[in-house]
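Input: a single structure, listed below in structure tokens.
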2 protein chains.
Amino acid sequence: MADVARVAGVSHQTVSRVIGGHPNVSAKTRAAVTAVIEELGYRRNSAARALATRRTHTLGVIAVNTTLHGPASTLAGVQEAARERGYLTSAVTLRAATEEALTEAVQHLSGWGVEGIVAITPWRDAVRALAALEAPCPVVTVEGGHDLDLPGVSLDQHLGARMITEHLLTAGHSTVWHVAGPADWLESEARTAGWEAALRDAGVEAPPLLRGDWSPLSGYQAGQQLAGRVLSSPGQGDGLTAVFVANDQMALGVLRAFREAGLETPADVAVAGFDDIPEAEFFPPPLTTVRQDFASLGRSSIGLLLEHIEGTAEGTTHLTLAPELIVRASTARRRPTPGD
Amino acid sequence: MADVARVAGVSHQTVSRVIGGHPNVSAKTRAAVTAVIEELGYRRNSAARALATRRTHTLGVIAVNTTLHGPASTLAGVQEAARERGYLTSAVTLRAATEEALTEAVQHLSGWGVEGIVAITPWRDAVRALAALEAPCPVVTVEGGHDLDLPGVSLDQHLGARMITEHLLTAGHSTVWHVAGPADWLESEARTAGWEAALRDAGVEAPPLLRGDWSPLSGYQAGQQLAGRVLSSPGQGDGLTAVFVANDQMALGVLRAFREAGLETPADVAVAGFDDIPEAEFFPPPLTTVRQDFASLGRSSIGLLLEHIEGTAEGTTHLTLAPELIVRASTARRRPTPGD
DNA sequence: CAGCGCCATGTTAGCGCTCACAATTCTCAG
DNA sequence: CTGAGAATTGTGAGCGCTAACATGGCGCTG
């Protein structure tokens with residue numbers, strides 16, 4: 001910066017003003033300085049700037065399972081939004097959201113002087129640990145639930161589950177079975193609750209719950225159980241003609257189990273998923289599911305976080321985004337024609 | 001730091017030595033200072049440190065399509081490895097690897113003073129642009145090919161494709177058809193080349209090539225073409241009994257097209273993929289594929305990058321990791337029994 | 001034409017840390 | 001007991017930048 005100032009024949013402060021877009025600089029000076037900056041290829045040193053302003057303009061992201069479609073998409077949204085707003089982001093990917101790992105992640109990030117943290121940790125315990133952690137900067141959760149006093153953004157899982165359950169009931173199924181995700185996941189609980197609420201409203205008693213761990217394998221195992229039930233009970237005794245699976249990957253496993261057991265989807269049993277991963281449209285058969293706009297979710301979290309950092313936010317805030325029902329062949333009333 | 005020094009009754013420099021783990025500090029002083037640090041909850045300011053040492057200990061990552069399984073896993077490996085080595089990482093996710101976007105990404109990162117960049121950009125043009133860009137810091141490519149003088153790490157796509165093609169030939173298929181990825185992707189080219197090489201070695205002429213864009217939809221379309229060919233040519237005229245699809249997602253589309261056309265996999269046509277995404281095991285039928293260890297790939301790239309930053313590296317280096325063939329039902333010689 | 005105020009620019013003092021070197025203390029052989 | 005040399009600690013400067021204040025020049029009002 002001193003070099004630029006010397007060549008341009010001004011003080012270093014004027015150079016600083018030009019870079020910072022400060023208003024009180026004459027057009028002539030501004031042009032001259034800009035030209036010299038260009039010529040010398042000067043870039044201002046962000047460390048020195050951070051030191052002088054006491055602002056690092058850096059945000060941290062804590063996430064788990066970033067190789068899955070949902071978290072990965074959310075992460076991308078977060079990064080893009082932060083970059084647009086002039087912030088650097090640094091992501092820490094955790095293998096498991098234990099209290100210890102979370103503490104370490106927060107320490108790592110705050111050691112780098114992050115001004116805020118976005119935590120994509122959809123575990124009840126993780127959110128609780130995070131709330132108790134007293135991080136030295138604002139923290140915004142993504143899919144972290146609304147019961148703790150941490151600001152956060154979520155997709156309306158409850159509504160999505162309700163939509164899909166009602167869709168199945170409307171299609172003429174007398175009840176809807178459910179393969180849930182792990183009990184300690186907030187998303188899982190909300191989806192289960194939405195399913196229950198829809199059944200209750202329809203005056204239908206909820207069938208017993210099956211649980212998986214989001215993986216295709218666990219869905220496959222749940223599917224085997226369900227298939228066994230259908231085949232062993234003559235005359236469709238349990239009214240098992242429709243299954244709402246808590247995510248698309250498990251739904252894939254369920255579909256396979258049904259196919260292997262000789263059950264046809266949707267003719268014998270309709271299956272619906274949740275998430276709308278890119279593959280879902282090409283499942284056998286194409287899967288009815290709930291689309292979640294993960295990218296928007298990520299963007300919103302940055303918006304909320306920056307409000308807190310810049311002090312515009314009033315207390316704890318929660319944002320909820322609406323999901324979208326995507327109806328495909330897996331819940332069609334009759335067997336779909338090929339190519340559907 | 002001044003506070004710590006005052007409370008501990010030492011100079012700020014001694015505090016700095018304790019934090020930095022400098023050897024010449026008496027055990028007593030070290031303990032005292034450590035205690036005060038703990039008590040005051042002091043954390044050293046990374047911006048000031050960066051300013052004084054002229055080292056930011058920050059690395060940048062440039063990636064495209066981070067929502068896909070491969071790039072997302074690689075990214076996670078990169079981040080984890082960097083963190084272990086004491087570096088902060090910041091990822092920039094590009095929508096498309098145009099020269100413009102790359103330039104912008106490099107500028108964004110170097111504006112933050114990154115000491116090195118890992119570029120996960122498996123496009124020929126992107127790598128070329130990157131090489132021409134003259135970044136102000138070392139750049140390591142991931143899946144960036146070996147023909148340009150940018151250091152990089154890759155998985156041996158050529159070998160993987162060869163393995164899978166040979167597997168199919170060994171299984172008794174007279175030839176192997178291929179649904180390739182986009183022509184400008186290095187991975188795509190290498191897989192095609194490996195397929196061609198395996199056929200050549202076996203003395204078989206390569207059938208015409210089909211191309212997709214990695215998406216399930218494009219695989220579906222390619223599958224429809226292939227199915228049409230099988231059904232219209234009596235007596236399996238073209239020897240179309242085995243297809244090697246360049247990634248698992250497209251393979252999913254191909255499988256669907258075959259199923260809709262009434263072709264059975266693997267009885268009528270065997271299908272193999274590439275990548276081993278988590279869902280592949282649950283495709284209808286479970287997909288033979290090539291597993292790539294993306295996390296190791298990411299870790300290696302950091303190893304290589306740090307060698308360059310710390311000056312231990314000798315010129316341009318390329319690392320290649322071996323893939324692993326995963327044989328499943330989609331290429332079994334006879335129809336698999338349910339549950340396989 | 002004096003005097004006020006505003007605009008453009010310069011000057012100074014840190015931000016919190018590490019480096020290089022100086023000063024002090026300690027250790028131990030002769 | 002003494003002095004060399006090593007170990008330990010302190011001092012001062014400066015990394016590159018911005019905030020706050022100081023300065024000087026200009027136009028405008030009365």
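Below, chains carry the letters A, B, ... as their sequence lines are ordered, and counting in each starts from 1. In this text the structure is predicted, and so the values were computed from the model without any measurement.
When only modelled atom types and interatomic distance are considered, B/Gln157 and B/Gln292 share a side-chain donor-acceptor pair under 3.5 Å.
Contact annotation: B/Asn24 reaches the phosphate of D/dT8 (side-chain N/O to OP1 or OP2, under 4.0 Å). Within the 4.0 Å cut-off from OP1 or OP2 of C/dA8, not a single side-chain nitrogen or oxygen of A/Thr14 is found. In this model, the phosphate group of D/dT9 is approached by a side-chain N or O of B/Thr29 to a distance below 4.0 Å at OP1 or OP2.
Residues that satisfy the ring pair (Phe, Tyr, Trp, His ring centres under 6.0 Å) test with B/His308, not counting sequence neighbours, are absent from this structure.
For B/His22 and D/dG10, the NE2 to P distance is 14 Å, given to the nearest whole Å. With rounding to whole Å, A/Arg6 atom CZ is found 14 Å from C/dT11 atom P.
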Quick tally for nucleotides 13-20 of chain C: nucleotides whose base has a protein heavy atom under 4.0 Å get B, sugar-phosphate-only ones S, the rest -, giving -BBBBBBB
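To the nearest 0.5 Å, the span separating CD on B/Glu143 from CH2 on B/Trp185 amounts to 10.0 Å. Note that the CD atom of A/Gln107 and the CG atom of A/Leu133 stand 7.5 Å from one another [nearest 0.5 Å].
Within 6.0 Å of atom CD in A/Glu99, 12 or fewer heavy atoms from other residues, nucleotides or ligands are found, so the atom counts as exposed in its surroundings.
Note that the two end axes of the helix from C/dC1-D/dG30 to C/dG30-D/dC1 enclose an angle of 40°, each drawn from 5 base pairs, rounded to 10 degrees.
Between B/Leu130 and B/Leu150, the closest side-chain pair of non-hydrogen atoms falls below 4.5 Å. Using a 4.5 Å cut-off on side-chain heavy atoms (C-beta onward), B/Ser301 and B/Val140 make contact.
The closest donor-acceptor contact from the side chain of B/Thr93 to the backbone of B/Thr66 lies at 3.5 Å or more, if one exists at all.
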